[in-house]
Amino acid sequence: MVADRLCSAVANPIVRNAQEQRQLAMIGDYLDQIGYRKQHHPSDKPLTDMEPGTYTFRLNVPVGRTHRVNIPIDVVIQPKKRRKDRLPIFIEAKSAGDFTNTNKRRKEEATKIHQLQATYGKSVAFVLFLCGYFGSDYLGYEAAEGIDWVWEHRIDDLGRLGL
């Protein structure tokens with residue numbers, strides 16, 4: 001039993017990281033197919049200056065008004081037709097091999113959206129890209145926090161974000 005737990009403790013993060021890499025590649029392929037291009041956004045420039053029709057992975061986004069910190073966002077997309085607030089769309093790639101771990105991690109996303117909204121306003125578009133076991137408890141919690149999601153197997157639903 002101890003060996004099984006130790007093996008899972010080592011293997012689960014490896015599998016989760018590989019799954020996230022696969023999800024990011026899938027999003028990148030989708031965006032490339034609809035005419036977007038991958039382009040790094042310099043950290044010293046405001047997010048509203050991100051070039052339309054571009055995206056980047058793993059961007060450190062500054063949040064906080066008095067005490068600034070950076071939070072990592074998996075995918076940041078500036079739509080070809082800018083949103084009214086000129087902010088990009090933020091996407092977090094999430095995968096879960098079972099229902100247990102999702103409840104532990106759901107508060108992370110709630111914290112991120114609260115930090116983003118406190119800094120950039122309530123119109124922030126923050127979406128989860130989900131693969132795996134996410135039950136109604138998890139989804140209900142995220143919906144109550146104002147977080148929407150797109151299922152990996154329905155990647156074309158990303159188009160509903162105004163891409």
Side-chain angles (χ1 to χ4, degrees), residues 16-17 19-96 102-103 105-132 134-163:
R16 200 167 37 247
N17 289 337
Q19 185 77 331
E20 184 177 293
Q21 289 299 321
R22 189 189 59 74
Q23 285 181 289
L24 295 181
M26 187 177 188
I27 293 171
D29 289 345
Y30 171 80
L31 292 170
D32 292 343
Q33 288 173 9
I34 62 170
Y36 281 74
R37 80 186 143 71
K38 185 177 177 184
Q39 178 177 307
H40 176 73
H41 182 72
S43 59
D44 61 335
K45 287 191 172 184
L47 290 169
T48 53
D49 288 353
M50 190 171 177
E51 190 175 326
T54 64
Y55 68 94
T56 189
F57 294 131
R58 297 228 164 66
L59 184 67
N60 285 322
V61 175
V63 294
R65 299 213 182 263
T66 55
H67 180 65
R68 302 285 280 181
V69 296
N70 288 326
I71 59 171
I73 302 290
D74 292 332
V75 186
V76 180
I77 308 165
Q78 184 63 276
K80 293 175 186 174
K81 182 178 183 249
R82 289 184 194 246
R83 298 164 17 103
K84 286 182 183 180
D85 60 13
R86 299 178 55 90
L87 287 171
I89 296 166
F90 303 104
I91 298 177
E92 284 292 294
K94 296 289 175 190
S95 65
T102 60
N103 291 329
R105 296 187 352 227
R106 67 184 181 189
K107 292 179 184 166
E108 295 171 13
E109 290 88 26
T111 299
K112 279 191 179 183
I113 194 167
H114 290 286
Q115 290 173 317
L116 289 166
Q117 288 176 338
T119 305
Y120 301 104
K122 293 290 184 188
S123 64
V124 166
F126 180 76
V127 179
L128 304 176
F129 188 67
L130 301 179
C131 170
F134 292 92
S136 58
D137 287 351
Y138 175 89
L139 297 173
Y141 181 90
E142 300 299 13
E145 295 294 338
I147 301 172
D148 206 349
W149 57 88
V150 171
W151 289 103
E152 179 183 295
H153 66 279
R154 295 181 48 126
I155 194 167
D156 289 336
D157 286 352
L158 288 173
R160 294 182 178 195
L161 298 172
L163 301 179

Does Glu152 pair with Arg22 as a salt bridge, N-O distance under 4.0 Å?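 Arg22 and Glu152: salt-bridged.
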
State whether the number of non-hydrogen atoms from other residues, nucleotides or ligands found under 6.0 Å of Lys38 atom NZ is greater than 12. no

side-chain contact (heavy atoms from CB on, under 4.5 Å) between Lys84 and Ser123, intermediate numbers included: CA-CA 9 Å; Lys84 286 182 183 180; Ser123 64; over 6 Å; no

So how far is it from [X] [atom1] to [Y] [atom2], rounded to the nearest 0.5 Å?
X	Y	atom1	atom2	answer
Ile71	Thr119	CD1	OG1	7.5 Å
Asp157	Phe129	CG	CZ	10.0 Å
Asn70	Leu59	CG	CG	8.5 Å
Leu163	Asp156	CG	CG	11.0 Å

[X] and side chain to side chain contact (heavy atoms under 4.5 Å, CB included): which single residue from [options] fits?
X	options	answer
Thr56	Ile77, Asp74, Val76	Val76
Thr111	Gln115, Glu109, Glu108	Gln115
Ile27	Val150, Ile91, Asp32	Ile91

If I compare all heavy atoms of Tyr55 with all of Gly28, which pair ends up nearest, and what's the gap?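 Between these two residues, the closest heavy atoms are OH-O, 3.5 Å.
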
With heavy-atom distances below 4.5 Å as the criterion, would you say the side chains of [X] and [Y] are in contact?
X	Y	result
Asp148	Leu161	no
Tyr36	Gln78	no
Glu92	Ile73	yes
Tyr120	Pro62	yes
Leu87	Thr48	yes

Does His41 use its side chain to pair, donor to acceptor, with the backbone of Pro46 at less than 3.5 Å? yes

